[in-house]
Peer 1: 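Structure below; questions to follow.
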Number of protein chains: 2
Amino acid sequence: MPPPPALRTDTFRRAISMRNALAPLSHTLNLGTPVSYRRNTEIFGEKEPADYAYRVISGSVRTYKILDDGRRQIGGFHLPGDIFGLLEFGDEHTFSADAITDTTVLVVKRKTLAVLAGRHPAIARELFTFTGRELRRVQDHVLLLLKTAQERVAGFLLEMAERTCAGNVVDLPMSRQDIADYLGLTIETVSRTLTGLESAAAIEVSTARRIVLRNRSALRRLDS
Amino acid sequence: MPPPPALRTDTFRRAISMRNALAPLSHTLNLGTPVSYRRNTEIFGEKEPADYAYRVISGSVRTYKILDDGRRQIGGFHLPGDIFGLLEFGDEHTFSADAITDTTVLVVKRKTLAVLAGRHPAIARELFTFTGRELRRVQDHVLLLLKTAQERVAGFLLEMAERTCAGNVVDLPMSRQDIADYLGLTIETVSRTLTGLESAAAIEVSTARRIVLRNRSALRRLDS
DNA sequence: CGACCATTTGATATGGATCAAGCGATGTGG
DNA sequence: CCACATCGCTTGATCCATATCAAATGGTCG
């Protein structure tokens, strides 16, 4: 919504200097202008012109749609290193995005990326790889929605543990409602399932937002 | 599975001459070698090297995964004009594909497409557009799986009607089991739902495989 | 401390799965 | 040409996972 400042050489340099061990798309996509959003504020809305793509530096983002019946479906959670807003069909965003926690992102014009990709095959290849990974992610989401509540929650926890790379302690940035809207369940079911997993000694719910994985293989079994 | 003959200049020319009013990706992707498959035969299997991409000329194809618990999830149905097998993460197919009915496809090396895309920005752009459309399709599949049985079936019929472009008469190439595995339902539920839609005068089930849409707006309302 | 919001827990309802049987079309051998 | 087997589909009865409705608990921030 707030159009970020145009990409200028100095901001470009500044962004490049911020390059760090952000996950997998090495370096070429580490450009753009840093912009920050406060918790629960909108980054962009569905149907808005998709001029910019974003990469998370710190914090966390959810992308979602509001369905006709008022329910909200979360398409994905985006953690540091992740890109979002890039792959849109046509010129409008197909999802809304907002910051779950206070978040800083790098903003870059999609058009700029397109030009760069045209000029540098390496960048084009990276974009293509990213696209493949994104497609895979959405396909996995389809498979997730076919499973039982227990499998969905167990799978979600394992995925978050992997993505946050923090051993067995998973600090969830998102609320139960967010999780429910991602997994296609209700908050009650998510809560009950977590309680169930705790009774089964697979996890420990330290606080609502902090889960400790006690028995990964059990979780993996439940994930099936 | 049966590795198609290598792309040679004469087959290339032959394929180009077959160019016709196949749907949306105009012409540049209308190249490759025609190959035919009989009904219910495998085109490729999951985990096989993804050397080739395919475009349906005539017939129909399903792509699917077999899940750990033995269920089958159909990722999509591919009708004349559609491309499949192109977007794979890495070098292996992530889905299996087989012919639903007797089917002819154009086969082209993915590598060839990559080279062509590198050389011709127009082709690169077409591939990118296709990718965006594919991503959208999978995202829509996610949304589909959140709906009620009635909404899924109604939405499926509307989609098929649109894709086959045959007015109100929809000739389904696939079985109830295929539909169920696509919609994440059981055959019983699909069957009952169709009967229900017929009672509601929204459709007419002429034969098991031929559905006539009697009241699209009602269907659209049920699709929500 | 008190208010508010997120989460958990409890009781009940329900949509779709499962189990089981019947039916209709298609094809095959006698 | 018909009897019969087969396969895909429909219909029926029951069960179960998750939604829904409702209330209690707990954590956070003024």
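We use all heavy atoms of the structure for the numbers below, so side chains are in, but hydrogens, waters and symmetry mates are not. Numbers restart at 1 for each chain; the letters A, B, ... are given by sequence-line order, proteins then strands.
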Peer 1: Does either side chain, that of H93(A) or that of E48(A), offer a donor lying less than 3.5 Å from an acceptor on the other one?
Peer 2: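 No donor-acceptor contact under 3.5 Å links the two side chains.
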Peer 1: Counting neighbours of CG on D69(B) that are heavy atoms of other residues, nucleotides or ligands and sit closer than 6.0 Å, is the number greater than 12?
Peer 2: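 Yes, CG of D69(B) has more than 12 neighbouring heavy atoms, counting only those of other groups under 6.0 Å.
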Peer 1: Can R38(A) and D102(A) be counted as an ion pair, charged N to O under 4.0 angstrom?
Peer 2: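 Here R38(A) does not pair with D102(A) in a salt bridge, since their nearest N and O are not under 4.0 Å apart.
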Peer 1: Flag the pair R72(B) and D181(B) as a salt bridge only when some basic side-chain nitrogen lies within less than 4.0 angstrom of an acidic carboxylate oxygen.
Peer 2: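 Result for this pair is yes, salt bridge flagged.
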Peer 1: Whether R214(B) and E204(B) form a salt bridge (side-chain N of Lys/Arg under 4.0 Å from carboxylate O of Asp/Glu) is what I want to check.
Peer 2: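 Between R214(B) and E204(B) there is a salt bridge, with a charged N closer than 4.0 Å to a carboxylate O.
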Peer 1: Listed in order of residue number, which residues of residues 186-197 of chain B have a non-hydrogen atom at under 4.0 Å from DNA chain C?
Peer 2: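 The stretch gives T186(B), E188(B), T189(B), R192(B) as the residues lying under 4.0 Å from the strand, ordered by number.
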Peer 1: Can you sort out which residues in residues 59-74 of chain B have a heavy atom within less than 4.0 Å of DNA chain C? Ascending by number, please.
Peer 2: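 Heavy-atom cutoff 4.0 Å gives no residues at all.
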Peer 1: Give, for atom OG of S96(B) and atom CD1 of I66(B), the distance between the pair rounded to the nearest 0.5 Å.
Peer 2: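 These two atoms lie 7.0 Å from each other.
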Peer 1: I need the E88(A) CD to F95(A) CZ distance, nearest 0.5 Å.
Peer 2: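 Here the rounded value is 8.0 Å.
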Peer 1: Provide, to the nearest angstrom, the distance between the CD1 atom belonging to I211(A) and the P atom belonging to dA6(C).
Peer 2: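 From I211(A) CD1 to dA6(C) P: 17 Å.
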Peer 1: Can you measure N40(A) atom CG to dT28(D) atom C1' for me and round it to whole angstrom units?
Peer 2: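 Going from CG in N40(A) over to C1' in dT28(D) covers 15 Å.
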Peer 1: Any chance you could measure R221(B), atom CZ, to Q150(B), atom CD, to the nearest 0.5 Å?
Peer 2: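 Those atoms lie 11.0 Å apart.
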Peer 1: Strictly below 4.0 Å, N to O, side chains only: are R62(A) and D98(A) in salt-bridge contact?
Peer 2: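 A salt bridge is present here (some side-chain N lies under 4.0 Å from a carboxylate O).
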Peer 1: Starting from P on dG16(C), measure out to CG on L185(A) and report it in whole angstrom.
Peer 2: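 So the two atoms are 15 Å apart, to the nearest Å.
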Peer 1: Let me know the distance between CG of D178(B) and C1' of dC9(D), rounded to the nearest Å.
Peer 2: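 From D178(B) CG to dC9(D) C1': 13 Å.
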Peer 1: Test D82(B) against every option in R137(B), R163(B), R55(B) by the side chain to side chain donor-acceptor pair (under 3.5 Å) rule and name the one that passes.
Peer 2: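 It is R163(B); the other options fail the test.
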Peer 1: Near DNA chain C, under 4.0 Å by heavy atom, which residues of residues 143-152 of chain A?
Peer 2: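 When residues 143-152 of chain A is checked for heavy atoms under 4.0 Å from DNA chain C, there are no hits whatsoever.
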Peer 1: CG of D181(B) versus P of dC9(D): gap in Å, rounded?
Peer 2: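 So the CG-P distance, D181(B) to dC9(D), works out to 12 Å.
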Peer 1: Between OH of Y54(B) and OG1 of T63(B), what distance do you get to the nearest 0.5 Å?
Peer 2: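 If we round to the nearest 0.5 Å, Y54(B):OH and T63(B):OG1 are 12.5 Å apart.
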Peer 1: Tell me the interatomic distance from L172(A), atom CG, to dG27(D), atom P, rounded to whole angstroms.
Peer 2: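 So the CG-P distance, L172(A) to dG27(D), works out to 17 Å.
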Peer 1: Tell me the interatomic distance from R209(A), atom CZ, to dA6(C), atom P, rounded to whole angstroms.
Peer 2: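 Interatomic distance, CZ of R209(A) to P of dA6(C): 9 Å.
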Peer 1: In whole Å, what is the span from the CZ atom of R176(B) to the C1' atom of dC23(C)?
Peer 2: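 Result: 14 Å.
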